[in-house]
Amino acid sequence: MSIFLSYKPSLSLWLAPPETHEGAPYIWPPKPLRSLPSDFHEKPSRSEIAHAHELFASPDGKVHIVSGRKESRKRCALASTMVWPGAIAQSFQLLGSGIYISSPEACFAQVAATPKDADLGTVLRAVKLAELSYMLCGTYALCPGFSCQYGRSPLTSVAKLKKHLLATNVNRGINLAIEVLDRTLPNSASPQETKIAILFSFPRKWGGFNNPPTSLNREITTDRRRGGRLSSKYKCDLFWEIGRGIGLEYKGVEYHSGSSALQNDLQRERELSNQGIQIINMGKRQTESPLQLLEIGELVGKLTGRRLRLRGANSFEKLTQLWRCLYARSK
């Protein structure tokens, strides 16, 4: 018999710092499967659940597992079972000792199909799915109990998330999840970049600016001629391919404070400007209210030729709702 971990413990494992897996009593990285284990639809024993609970219990005191059908759901104080009939071979990877972890793609599909999330409201559900998709396809990781990790390799891609979602044939939540993935860009390098990308990419019905950037962390090589030819490489957090290019940079305190950082920012902006690229800066102040964000949206809209006009009595209310979901729900 086997135990199949659902998205809660699986995401904790995928997003944890790599060093936490060293010496752990399981295989890491886990091994991909060629076929779905035959006992996926069978009910696990109490001893198997107890073993998995000892290793992978969540903060709520339970080990969260997934089962292929209602009849195989194990009613046990140590476990919480999610019924997910649409699993395929790529949904799980082997951790060893009869324990399987949900793949990053399966984690996203399970979150999309979580019944209780249906009560959250469309905008908050879309934001949660978008934040997860950007992180899985980006270069940072947020794991409870650890500080944010930067510079990691992406766990998956938007194409793989969508392919798996469609292959699992899940009805609940699939339309919203697909719409979110259609507006997700790879290579986000931080939670703040993700929030800004969501703000610009989301449609007006969700309170967004509906002005998605062309790419995130676009690398640009500039040339300087001072007797010889030198080049510098810079990245723009959000980049629109309009004219020579329009870039938006989020200046967080962690990486953009201090005299050295300010000097580097000025040089960077000067060289990009010499290439004809317009740079817009924003920081924490712009995220403190919907009105501040609206000013940024209007400026970008003017420069990209997609002027932002909030129409209808509840347009600003929708923006405010999205702002709460992105910036105020943890306050």
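Throughout, numbering of the chain's residues begins at 1 and tracks the sequence. Not measured: the values here are computed from a predicted model.
Scanning all heavy atoms of the two residues, the minimum distance from Gly96 to Ile27 falls at CA-CD1, 4.1 Å. Pairing each heavy atom of His51 with each of Ile99, the nearest pair is CD2-CD1, 3.8 Å. Scanning all heavy atoms of the two residues, the minimum distance from Leu136 to Pro104 falls at CD1-O, 3.7 Å.
Within the 4.5 Å cutoff, no side-chain heavy atoms of Ile277 are placed close to those of Ile246.
To the nearest 0.5 Å, atom CZ of residue Arg218 and atom CH2 of residue Trp240 are 13.0 Å apart. Taking CH2 of Trp14 as the start and OG of Ser102 as the end, the distance is 10.0 Å to the nearest 0.5 Å. Summarising the geometry, atom NZ belonging to Lys31 is positioned 12.0 Å from atom CZ belonging to Arg34; distances are rounded to the nearest 0.5 Å.
A donor-acceptor pair under 3.5 Å is formed between the side chain of Asp39 and the backbone N or O of Ser2.
By the criterion of side-chain heavy atoms lying less than 4.5 angstrom apart, applied directly or through intervening Ile, Leu, Val, Met, Phe, Trp or Tyr residues, Ile178 is grouped together with Leu132 in one hydrophobic cluster. Put simply, Leu326 and Phe316 are part of the same group of oily side chains (I, L, V, M, F, W, Y) that touch within less than 4.5 Å, one to the next.
Residues Glu193 and Lys235 are not paired through a salt bridge, judged by the lack of any N-O separation under 4.0 Å between the basic side chain and the carboxylate. A salt bridge links Glu288 with Lys284: the closest approach of a Lys/Arg side-chain nitrogen to an acidic carboxylate oxygen falls below 4.0 angstrom.
When ring centroids are compared, Phe40 and Tyr100 stay outside the 6.0 Å threshold.
Using cut-offs of 30° and 60° on the angle between ring planes, the pair Tyr26 and Phe56 is tilted.
In the model, Thr194 has a side-chain atom that pairs as donor or acceptor with a side-chain atom of Tyr140 under 3.5 Å.
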